[in-house]
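Below, each value reflects all heavy atoms present in this structure, side chains not excepted, and no hydrogens, waters or symmetry copies.
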Amino acid sequence: MQKKTRTLALALVATAALGSIHVLTAEPSLGIGRRRNPPTQPPPPPPPPPPPPPPPPPPAQGDAANVVRHTVPDRIVRGSSAQVEVELENTGTSTWTAGLYKLGSVGDGNGDANAFLGGNRVGLPNGARIEPGQRHTFRFTVRGPAPEGSYDPRWRMVHEGVRWFGAEAGRTVTVEAPPPITRNARRGRVRIAPPRSLEDDDGRFNALGTTLFWAAWAYKHDRRKLEDALDLLARNGFDYIRCLGVVGDPGGPDYWDGREILWQWPDYDDVIAGVTDLAYDQYGIRVEWTLIGDGQVSIPRESDRFGLVDKFLAMSIGREHKIIHFELANEAWQNGFGGPDGMRQLRRLTRYMNDRTDILVAASAPFGQECTDTQDLYGGGIADIVTLHLDRNINLADGPWRPIRQAWHHEYCTGVPAVASNNEPIGPGASVATENDPRRLLAGAIATYVSNMPMYVFHTGAGVRGDTDLAAMPGIDVYRNMRSYLPDDLASWTRQNHHWAGAPFRVHARDQNGNIEVDKMWPDLHRAQAGAVRAFSGVNGNRFFTFPMGIRDHVILEPRRDVEFDVIDPVTGNVLRHEVRNAGERFELRGSTIFVLKGRFR
């Protein structure tokens with residue numbers, strides 16, 4: 001027994017030394033210690049079945065949105081505009097309503113999207129309701145911000161005061177520098193070409209300006225902002241900017257806080273010279289310097305005001321060709337020159353300046369709209385030109401077209417300078433009343449020139465303090481093609497109203513029953529179907545320029561003489577058609593609120 005046990009133990013040790021273990025079993029029929037063949041390995045078990053798919057998510061609760069599509073440009077030029085569309089589906093259970101639900105710029109004021117949009121939100125149309133499952137497309141304009149580089153604008157739905165929600169729309173956008181300016185500055189000092197035009201060494205011209213009251217502040221504190229504005233204006237055909245010499249209360253809070261322009265600055269002389277040089281030398285743009293704003297607080301002493309005039313006179317020496325004209329005060333009656341004593345002081349300042357420079361000089365806008373108001377301020381030959389602020393009343397029969405046609409009436413005022421500037425007309429973001437329609441804004445300039453005024457200022461809210469981007473103003477780019485069809489000396493052509501015998505065309509309207517009303521404008525009729533607000537003309541020998549404006553549906557014209565002319569789209573400058581008409585042969589213009597007819601008598 002001991003021998004058998006020992007033998008079995010040795011066998012186990014030897015087997016283990018070979019690195020594998022064979023199981024030995026004691027079976028009586030085979031004898032103890034006999035080896036058995038190993039069993040066959042069983043096949044691997046089948047893989048477990050895949051887990052069942054998760055149940056579909058429950059319908060979104062409350063606010064949810066999915067981006068269906070969006071059109072965001074991948075490249076844009078600094079200062080230029082592009083259209084963006086973001087189509088969203090309401091995948092939640094709440095209804096999107098105007099005022100509460102908006103497309104927001106991700107990051108609000110700190111996000112890249114805000115730099116493109118110029119604001120944080122794009123709203124739904126008034127009265128809109130986007131129910132669950134419905135889609136809405138937000139359409140809005142973006143502008144290339146400064147500086148150039150790579151941006152990542154994103155937009156997302158926002159429930160105002162509650163939450164941001166849904167997917168983001170956007171992409172990486174490269175902002176590029178605009179191509180170099182090729183426009184050259186006009187040469188020589190600006191002067192009056194009788195009877196009512198402006199001219200310089202390059203000839204006569206219709207001057208287009210814009211308000212940029214904040215230019216001196218920006219030259220000192222934000223040069224890039226000023227350069228961007230000047231670049232934009234040069235590309236869109238502007239000739240000059242209207243800048244304030246002083247404005248704001250240096251000792252107390254007021255509207256101009258953070259934008260004050262102070263004659264006490266140690267570098268003030270360099271600032272006003274720098275604005276003048278920068279605008280003209282780099283951008284071909286002249287300056288209208290309006291010396292005094294907020295005079296009651298910015299420069300209340302008369303002796304200081306005369307000193308300010310002397311500063312500008314000294315600065316202008318050698319820069320006469322860079323300044324289109326001086327104006328002593330902006331709306332003097334409310335800017336430090338109130339009452340009879342204020343007017344007497346303003347007249348003294350104006351004459352003092354006018355006697356010491358060949359640059360054109362104006363006093364200020366008259367207090368009222370009557371000719372007597374202009375005569376009280378400008379009588380006696382104290383100035384070269386009149387700066388007018390026409391009223392912005394849009395509540396009469398011709399509605400928003402009334403301020404557009406107002407320039408016609410200045411020529412009836414005698415005893416004052418014959419040359420005038422439409423210096424602060426209705427415009428986008430302006431006070432009292434605003435105008436955002438590009439065709440009416442363009443019409444304001446054309447109506448000014450054909451009314452024998454050679455200067456028009458595009459006046460905007462962005463031009464006052466500069467809080468809003470000038471590029472965002474409607475109509476900023478609508479004037480660029482004007483020079484292609486405007487006669488350079490239009491302000492000196494003989495003007496003709498539609499019902500005068502010298503006008504090229506008689507102009508007719510249709511009454512509420514469709515009957516033709518001869519020599520009528522539609523505001524003259526009750527519920528007129530068609531017609532124009534006015535059709536001013538200029539005639540120069542055999543040539544004529546006619547501007548029908550405020551067209552309702554269509555207008556009927558009838559030549560008084562045999563004529564040949566082009567019908568021009570004033571926005572694009574394109575000739576729409578060429579016409580040859582006999583006297584008395586009526587025709588219609590339709591499809592726009594304004595047209596230009598430019599031709600000759602046969």
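- A salt bridge does not link R143 to D228: none of the charged nitrogens lies less than 4.0 Å from a carboxylate oxygen.
- At least one donor-acceptor pair closer than 3.5 Å links the side chain of E435 to the backbone N or O of D437.
- The aromatic rings of W333 and F367 sit perpendicular, their planes meeting at an angle over 60°, well past the 30° parallel limit.
- In terms of modelled atom types and a separation under 3.5 Å, the side chain of Y485 and the main chain of L597 share no donor-acceptor contact.
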*Is there a salt bridge (charged side-chain N to carboxylate O under 4.0 Å, His left out) between E424 and R392 once you walk through the steps?*
CA-CA 10 Å; E424 200 169 293; R392 303 171 187 170; 3.6 Å; yes
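- Ionic pairing of K322 and E320 is not present here: no N-O contact between side-chain nitrogen and carboxylate oxygen is shorter than 4.0 angstrom.
- Using cut-offs of 30° and 60° for the angle between ring planes, the F238 and Y479 rings count as perpendicular.
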*May I have the step-by-step check of side chain to side chain donor-acceptor pair (under 3.5 Å) for E327 and S364, ending in yes or no?*
CA-CA 6 Å; E327 181 188 38; S364 180; 4.6 Å; no
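- The environment of CZ in F140 is crowded: more than 12 heavy-atom neighbours from other residues, nucleotides or ligands sit within 6.0 Å.
- With T276 contributing its side chain and I272 its backbone, the two residues share a donor-acceptor pair below 3.5 Å.
- Between the side chain of N335 and the backbone N or O of N330, at least one donor-acceptor pair lies under 3.5 Å.
- Counting only heavy atoms from C-beta outward, the side chains of L208 and M482 approach each other to under 4.5 Å.
- Proximity of a side-chain donor or acceptor of Q496 to a complementary backbone N or O of T494 within less than 3.5 Å is not detected.
- With a 6.0 Å cutoff to the six-membered ring centre and a 45° limit on the axis angle, R534 does not count as a cation-pi contact of W408.
- Between D467 and R465, at least one side-chain N (NZ, or NE/NH1/NH2) sits under 4.0 Å from a carboxylate O, which counts as a salt bridge.
- Side chains of D74 and R171 form a contact here, defined as non-hydrogen atoms less than 4.5 Å apart.
- By the 4.5 Å heavy-atom criterion applied to side chains, E85 and V72 are not counted as neighbours.
- If you take CG on L349 and CG on L291, they are separated by 9.0 Å, rounding to the nearest 0.5 Å.
- By the 4.5 Å heavy-atom criterion applied to side chains, T174 and Y151 are not counted as neighbours.
- A distance of 9.5 Å separates CG in D239 from CG in L198, rounded to the nearest 0.5 Å.
- Between P548 and F595, some side-chain heavy-atom pair lies under the 4.5 Å cut-off.
- The six-membered or imidazole ring of H321 lies near that of Y280, with a centre-to-centre distance under 6.0 Å.
- Side chain of Q369 to main chain of H389: a donor-acceptor pair is present (N/O by atom type, distance under 3.5 Å, no hydrogens or angles).
- Distance alone, capped at 3.5 Å, places no donor-acceptor pair between the D294 side chain and the V297 backbone.
- Under the 3.5 Å distance criterion, the side-chain polar atoms of R75 are left unmatched by any main-chain donor or acceptor of V173.
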*Does the pair R196 and N452 meet the rule for a side chain to side chain donor-acceptor pair (under 3.5 Å), with working shown?*
CA-CA 6 Å; R196 291 182 174 85; N452 292 163; 4.5 Å; no
_Between E579 and R577, is the salt bridge (charged side-chain N to carboxylate O under 4.0 Å, His left out) condition met? List the steps._
CA-CA 6 Å; E579 296 272 4; R577 64 181 191 264; 2.4 Å; yes
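- In this structure, the side chains of N422 and Q406 stay at 4.5 Å or more apart for every pair of heavy atoms.
- Rounding to the nearest 0.5 angstrom, the gap separating the CG atom in N354 from the CZ atom in F326 is 11.0 Å.
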*Test side chain to side chain donor-acceptor pair (under 3.5 Å) applied to S537 and R495, step by step*: CA-CA 6 Å; S537 294; R495 65 183 198 156; over 6 Å; no
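- Minimum interatomic distance between D488 and R204 (heavy atoms only, all atoms of both residues): CB-O, 3.3 Å.
- Remark: D231 engages R235 in a salt bridge, criterion side-chain N to carboxylate O under 4.0 Å.
- At least one side-chain heavy atom of L308 sits less than 4.5 Å from a side-chain heavy atom of I292.
- A distance-only check finds a donor-acceptor pair linking the side chain of D254 to the backbone of D249 [under 3.5 Å].
- Using a 4.5 Å heavy-atom threshold, the side chains of R242 and N423 count as touching.
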_Set out, in order, the CA-CA distance, both residues' side-chain angles and the distance that settles side chain to side chain donor-acceptor pair (under 3.5 Å) for T572 and D569, then state yes or no._
CA-CA 6 Å; T572 65; D569 176 2; 3.3 Å; yes
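- Between the side chain of R405 and the main chain of G444, no donor-acceptor pair closer than 3.5 Å is present.
- Counting all heavy atoms, side chain and backbone alike, L490 lies closest to L486 at CD2-CD2, 3.8 Å.
- Outside the 6.0 Å centre-distance limit, the rings of F545 and W493 are not counted as a close aromatic pair.
- A salt bridge (charged side-chain N to carboxylate O under 4.0 Å, His left out) with R191 holds for exactly one of D201, D200, D358; it is D201.
- Contact detail for W263 and S298: the closest heavy-atom pair is NE1-O, 3.1 Å.
- Residues R224 and E148 are paired through a salt bridge, judged by an N-O separation under 4.0 Å between the basic side chain and the carboxylate.
- Below 30°, between 30° and 60°, or above 60°: for W217 and H221 the angle between ring planes is between 30° and 60°, a tilted geometry.
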